[in-house]
2 protein chains.
Amino acid sequence: MQGLTWWLCNFRVCEVLFFENQKDRRVLVTLTNNTLPTLEDVARVARVSTATVSRCLNRPGQVSDSTRDRVMRAVEELGYTPNFGARALAAKRTFTIGAITPTMENAIFARGLQAFQETLNEAGYTLLVSSTGYDPQREAEQIRNLVARGADGLLLIGYERDPDIYAFLEARKVPYLLSWAHRPEEKHPAVGFNNCKSMTELTKAVLAEGHREIGIISAQMEGNDRATDRVKGIRVGLHEAGLDPQRAPLVETPYSVENGANAFEEIMRSAPQTTAVMCVNDVLAVGAMNRAHDMGLDVPLDVSITGFDDIELAKLVKPKLTTVHVPHRLMGSLAAQQLMRFVEKTEAPQIRNLASIVEKRETLAKPRKNVDIDLVLR
Amino acid sequence: MQGLTWWLCNFRVCEVLFFENQKDRRVLVTLTNNTLPTLEDVARVARVSTATVSRCLNRPGQVSDSTRDRVMRAVEELGYTPNFGARALAAKRTFTIGAITPTMENAIFARGLQAFQETLNEAGYTLLVSSTGYDPQREAEQIRNLVARGADGLLLIGYERDPDIYAFLEARKVPYLLSWAHRPEEKHPAVGFNNCKSMTELTKAVLAEGHREIGIISAQMEGNDRATDRVKGIRVGLHEAGLDPQRAPLVETPYSVENGANAFEEIMRSAPQTTAVMCVNDVLAVGAMNRAHDMGLDVPLDVSITGFDDIELAKLVKPKLTTVHVPHRLMGSLAAQQLMRFVEKTEAPQIRNLASIVEKRETLAKPRKNVDIDLVLR
DNA sequence: GGCGGAACTGTAAGCGCTTACATTTACCGA
DNA sequence: TCGGTAAATGTAAGCGCTTACAGTTCCGCC
């Protein structure tokens, strides 16, 4: 029987004859090159035109009950699945939304995207995700790729990208929405939060504890407006407090725990008087905490450390990380709603600025006076 | 000028006349419904047939230099991007690989997939990812979806799924590869590791420390062969050591830190004599560690805890988590290679079993004798 | 019985691309 | 100069689907 099944794979059911007597049901078969069954095959089996089959699948209400039954049975029989490309070609609509993220390895994006996808799925859309590895070149490719694939709309992370890309999207009239960032001065449709302002809030909290010597660890700022704005936010905070932002040591390094650790050591060696190190995200901050521990520095007694994003990890490390909480799931799901509305009504979505809040936890405290940091550094 | 550009969007360049004198270059334009430019538009502008344009794009060697220049200039001029659906329809080939994961929020899958994608990209393939939320129903949908989208091949996680799905893939002759698991007795093409055996190894290490009262925290095992096999691995280890596997308390709970914590408490309350808790993944283990701490239990003095996967977090928590290291990136990239070979030669890939190794770190130690655990539990 | 209109179904023209095959052009040696 | 071959290009037939439009069927009612 196994053999027969296999053998039948090389045929295609061509016609099914139904008799009153259910037991006398014959199947006509033709030899084919064994490709997927098509609408036409279904039509043939159901003894209707391809148009009717198509209607059955897309607007079942327009078809009579008996016909629909017959067609559905044929669909079942053949295991028919519509060819997506052909459908998109003919209907000029794909019910697909594309999202392009810098990386999938970052919990931040993963969480927001998950929510984005869930909201999309509920409304019958499919999400296509691709990642760029923080490479603008690759981002441009992926955007073209998703547009070529017929994405009805696009979700992009952040503002900063070649104007040509925006021109391309504009010219093609592809609805797009930016996320994970919100800049009041920009006019692109966006659902995000104000990275700069959020960081200024956190900086105020740090300053309120009495810190005056603050170090900064950032992800690479080139082409990454989230990092840029967060650093800017710190500087604004310092400036407003009457401090010179340019004095604060800054280390830029790719996003990883290990790099955060190294950056921390670099700062503490070059500016031993530092009592607080602010990181533009939690992962770097956790790296900094680790290294602090290895160097024999107590957090927060010797040095306070802060992060940004409030990933799950922030609450798991000890001491618990002070950071900025961002409503990722809300953002994802709101973005999905706005983008779908945009796609369907060709009506620009409203720009949304979501609130973020400072999560003051254990890694931030008043600085211990007169630490002989040089001792620690051998 | 801005206005002009916008206005021009509603037209389509129809013909470009080149004169010797570069400055005298005129553009003929027609009013269109402002859709994407097509192959035909390019052909018209370049004054060649659509076949030639197609060849230019796909097999440039077959076209003379001068023609190719002209065509490429037209492509540039119009900002032409081939329509993916149409291309797939005509060529019956998409250079797209689909991957279906239970979730994107899990670092485990993210890391392996990233490597998978990188290897694919190098070879000119595009990866389409979609996630199921551990729902078999949704997985079936997504598989059909990706097949309908013309995926040349599919990457699936684990073995356990409705036989109908395998039948579907078999009948459609869609190359697929399983990953994140390897069962010697199964014949499906797979690149993964032996979850059961790996866990037995770890169990031996736990037993070697002198533990005899072992609790188990698992993700939900229904439809999840990774979890099933890991639990089985523990039981095999216990059995081989002459212990009764059925006596070990087991709590099944969805994958999350909080759930791990609750499960840990449940075990310790119902079986206070437990000296080691083995979790089927690191996230559950970290939750268990947290709750242990909250309950005033010292890890590993009062209770040892182990995980599985060796996610980044494992090295970041304190004490560091004893776990099983899995070569996720290697697995992803190997899977990509195998799958591409499968797709291209229609030749079944070899089944690969990757080595995993026990990472003995700080959460596993000899049990402290005679702990009065009841005291701790109020 | 016949008529009007609603409900259903069929016909066929594409959607944008690839490619087998036909045709043209270029180039070579006799 | 001319035939012959190879290289370049054009022609046109689909790929599998949707949908405008046309045709058919079926009612209810005069």
Side-chain angles (χ1 to χ4, degrees), chain A residues 12 32-72 74-75 78-96 144 147-150 152 172, chain B residues 12 32-72 74-75 78-96 144 147-150 152 172:
Chain A
R12 180 187 288 173
T32 74
N33 56 351
N34 183 44
T35 58
L36 302 187
T38 70
L39 239 210
E40 206 184 326
D41 296 317
V42 176
R44 203 179 307 121
V45 171
R47 304 178 159 291
V48 295
S49 72
T50 59
T52 301
V53 177
S54 176
R55 275 188 289 254
C56 256
L57 265 25
N58 298 309
R59 272 176 300 277
Q62 287 185 9
V63 172
S64 75
D65 289 359
S66 67
T67 312
R68 180 147 26 85
D69 272 11
R70 205 141 33 92
V71 170
M72 289 315 190
V75 166
L78 299 179
Y80 168 76
T81 318
N83 175 313
F84 184 83
R87 173 176 279 190
L89 192 56
K92 302 178 166 310
R93 193 67 203 287
T94 60
F95 284 96
T96 293
R144 296 186 94 86
V147 170
R149 284 190 134 80
D152 289 339
R172 294 283 182 287
Chain B
R12 180 188 289 176
T32 75
N33 58 349
N34 183 45
T35 58
L36 302 187
T38 70
L39 239 211
E40 206 184 328
D41 297 315
V42 176
R44 201 179 308 121
V45 171
R47 303 176 161 291
V48 294
S49 73
T50 60
T52 301
V53 177
S54 176
R55 275 188 288 255
C56 254
L57 266 26
N58 298 311
R59 272 175 300 277
Q62 287 186 9
V63 171
S64 75
D65 289 358
S66 67
T67 312
R68 181 149 22 88
D69 272 11
R70 205 142 33 92
V71 170
M72 288 314 191
V75 166
L78 298 180
Y80 168 77
T81 317
N83 176 312
F84 183 84
R87 172 176 280 192
L89 193 57
K92 301 177 167 311
R93 192 68 202 286
T94 60
F95 285 96
T96 293
R144 297 186 93 85
V147 170
R149 284 190 134 80
D152 290 338
R172 295 283 182 286

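Excluded from the calculations below are hydrogen atoms, water molecules and symmetry mates; all remaining heavy atoms, backbone and side chain alike, are included. Lettering of chains follows the sequences in order, A, B, ..., and the numbering in each one begins at 1.
- A residue-by-residue look at A51(A) and G61(A) shows that G61(A) has its nearest nucleotide of DNA chain C further toward the 5' end.
- Between dT19(D) and R59(A), a contact under 4.0 Å exists linking OP1 or OP2 to a side-chain N or O.
- Annotation for R47(B) and R70(B): closest pair O-NH1, 3.8 Å, computed over non-hydrogen atoms.
- Nearest-nucleotide mapping onto DNA chain D: of T52(B) and R55(A), the residue sitting toward the 5' end is T52(B).
- Regarding contacts with the backbone of dT11(D), every side-chain N or O of S49(B) stays at 4.0 angstrom or more from both OP1 and OP2.
- In this structure, CZ of R149(A) is placed 16 Å from C1' of dG16(C), rounded to the nearest angstrom.
- Of the candidates dC15(D), dG10(D), dC17(D), the closest approach to any side-chain atom of V48(B) belongs to dG10(D).
- At whole-Å resolution of the value, CD in E40(B) and C1' in dC15(C) are 11 Å apart.
- A donor-acceptor pair is defined here as one N or O able to donate and one able to accept, closer than 3.5 Å; such a pair exists between the side chain of D41(A) and the backbone of T38(A).
- Evaluation of the side-chain contact (heavy atoms from CB on, under 4.5 Å) rule for T50(A) yields L39(A), E40(A), A43(A) as partners, not counting sequence neighbours.
- Atom CZ of R93(A) and atom C1' of dG16(C) are 19 Å apart (whole Å).
- If you take CG of N58(A) and P of dC17(D), they are 11 Å apart, rounded to a whole angstrom.
- Neither OP1 nor OP2 of dA7(D) sits under 4.0 Å from any side-chain N or O of S64(B).
- The nearest whole Å value for the distance from the CD atom in Q62(B) to the P atom in dT9(D) is 11 Å.
- For the OP1/OP2 pair of dC15(D) and a distance below 4.0 Å, the side-chain nitrogens and oxygens of N83(A) include no atom meeting the criterion.
- In this structure, R68(B) atom CZ and dT9(D) atom C1' are separated by 14 Å, rounded to whole Å.
- When N83(B), T94(B), T96(B) are each tested for a side chain to side chain donor-acceptor pair (under 3.5 Å) with R149(A), only one passes: T96(B).
- OP1 and OP2 of dG10(C) both lie 4.0 Å or more from every side-chain N or O belonging to T50(A).
- Atom CG in L78(A) sits roughly 15 Å away from atom C1' in dG16(D) (whole-Å rounding).
- Shown here for R68(A) and C56(A), the closest heavy-atom pair between the two residues is CA-SG, 3.7 Å.
- R144(A) meets the side-chain hydrogen bond (donor to acceptor under 3.5 Å, both in side chains) test with no other residue; sequence neighbours excluded.
- No contact: F84(B) has no heavy atom under 4.0 Å from any strand.
- At a threshold of 4.5 Å between non-hydrogen side-chain atoms, the residues T67(B) and R55(B) do not count as touching.
- If you check dG14(D), dC17(D), dT19(D) against the side chain of A90(B), the one that comes closest is dG14(D).
- The side chain of L89(A) sits closest to dC15(C) out of dC17(C), dC17(D), dC15(C).
- You'll find the side chain of L78(A) reaches within 4.5 Å of the side chain of V45(A), heavy atoms only.
- If you measure from atom CZ of F95(B) to atom C1' of dC17(C), you get 15 Å, rounded to the nearest angstrom.
- Taking a pair as Watson-Crick or G-U wobble with both distances under 3.5 Å, the runs of three or more consecutive pairs in DNA chain D are C:1-30 with D:1-30.
- Not one side-chain nitrogen or oxygen of K92(B) sits closer than 4.0 Å to the OP1 or OP2 atom of dC17(C).
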